[in-house]
Amino acid sequence: MKIATWNVNSIRTRQEQVKQWLIDNNIDVICLQETKVIDADFPLEGFQDLGYHTYIYGQKAYNGVAIFSRQPLENVKYGFGDILPSDLVNDFDEQKRVISGVINNIRIVNLYVPNGNSIESEKYQYKLAWLDLLKQYLTVLKQENSEELLVCGDFNIALEDRDIYKAIGKENHIMASQVERESLRSILNLGLTDIFRKFTPEGNFYSWWDYRQGGFTKNRGWRIDHIYLTDELVKKALNCYIDINPRKLTQPSDHAPVICEF
DNA sequence: ATGGCGAATGCAATTCGA
């Protein structure tokens, strides 16, 4: 079984590329981020024609997440609010960034973590608060269920220096700051493993490259899209890799998909 | 990098992403 995550930067712009990639790579489950479309306008049909059950959680212009699965998902949860009490969630579900469902006793959690803009920005504080809420969300899922967890998506954080093309000078950069990394590390400490690193310890592997300045051509990238697994799934994982081929196409997403095989 | 590119909105120019 292949489970993938891909920030597509608009599903309406990218739908033909995504469909072809799903066919070419025989993907069983795909978690999408930045679909950038309200649910009523989501181009579902083409994906359903390929045999996928579709679960979408979108909004106008920004954010938006979706899961497509060949097997139907059970117990699908939309936003933090389907798991956490409303006094904790407050307004955090106004931005559509969280969707989750169960397949083969695995709860798949698909996330689009806020970018944060810069460490001086109010959006950075929002990102940190959002990560605190995510930790509570995952704590509940881990405690209350017998299911294993697969937590994936665009985390907008490079956990270590080997995840950035040039880490020097990035200490106060968004996606690499110590506070962000510690927040993400504390989430991993709930019992999640960055499965890509089980198979690939070396640097120079990235999942996002800036559209500007020839970032991809020069391989000036960041590894910010991740798949995290609980222990029993770590044992079952056969491989995890980034497919950079879609990033080479004309009019690509700025992110490449990450795939885990079981 | 006040930069550079791409998408959405809405139809020009601005906001946002990372």
Item to check | Under the side-chain contact (heavy atoms from CB on, under 4.5 Å) test, residues paired with Val140(A) that sit two or more places apart | outcome: Ile83(A), Leu84(A), Glu144(A)
Item to check | Hphob cluster co-occupancy, Ile242(A) + Phe199(A), side-chain heavy atoms under 4.5 angstrom | outcome: yes
Item to check | Pairs touching residues 183-194 of chain A that satisfy salt bridge (Lys or Arg N to Asp or Glu O under 4.0 Å), sequence neighbours left out | outcome: Asp194(A)-Arg223(A)
Checklist entry - Among residues 10-22 of chain A, which residues get a heavy atom nearer than 4.0 Å to DNA chain B? => result Ser10(A), Arg12(A), Thr13(A), Arg14(A)
Item to check | Non-neighbouring partners of Glu148(A) that pass side-chain contact (heavy atoms from CB on, under 4.5 Å), sequence neighbours left out | outcome: Thr230(A), Glu232(A), Leu233(A)
Next on the checklist: Applying a 4.0 Å non-hydrogen cut-off, can you work out what Asp41(A) is touching in the nucleic acid: base, sugar-phosphate, or nothing?
Outcome noted: nothing
Next on the checklist: Going 5' to 3' along DNA chain B, between which two nucleotides do contacts with chain A fall, using a heavy-atom cut-off of 4.0 Å?
Outcome noted: dG3(B) to dA18(B)
Checklist entry - Listed by chain and number, what are the ring pair (Phe, Tyr, Trp, His ring centres under 6.0 Å) partners of Phe47(A), not counting sequence neighbours? => result Phe68(A)
Next on the checklist: Going by the rule ring pair (Phe, Tyr, Trp, His ring centres under 6.0 Å), which residues pair with Tyr78(A) if we only count those two or more places apart in sequence or in a different chain?
Outcome noted: Tyr57(A)
Next on the checklist: Test of understanding: with ring pair (Phe, Tyr, Trp, His ring centres under 6.0 Å), list the residues that count as partners of Phe155(A), not counting sequence neighbours.
Outcome noted: His226(A), Tyr228(A)
Item to check | Tyr206(A): partners by ring pair (Phe, Tyr, Trp, His ring centres under 6.0 Å), with sequence neighbours left out | outcome: none
Checklist entry - dC11(B) and dG6(B): how far apart are their P atoms, nearest whole angstrom? => result 24 Å
Checklist entry - Does Asp154(A) or Gln213(A) map to a spot on DNA chain B nearer the 5' end, using the closest nucleotide for each? => result Gln213(A)
Next on the checklist: Any base atoms under 4.0 Å from Phe155(A), or only sugar-phosphate, or nothing? Heavy atoms, all strands.
Outcome noted: nothing
Item to check | Members of residues 247-257 of chain A that approach DNA chain B, where some heavy atom sits under 4.0 Å away | outcome: Gln251(A), His255(A)
Checklist outcome for this item: 5'-most contact on DNA chain B (nearest-nucleotide basis), Asn117(A) vs Asn9(A), goes to Asn9(A)
Next on the checklist: Strictly by ring pair (Phe, Tyr, Trp, His ring centres under 6.0 Å), give each pair with a member in residues 15-37 of chain A just once, sequence neighbours left out.
Outcome noted: Trp6(A)-Trp21(A)
Checklist entry - Residues from residues 56-67 of chain A sitting under 4.0 Å of DNA chain B, heavy atoms only? => result Lys60(A), Ala61(A), Tyr62(A)
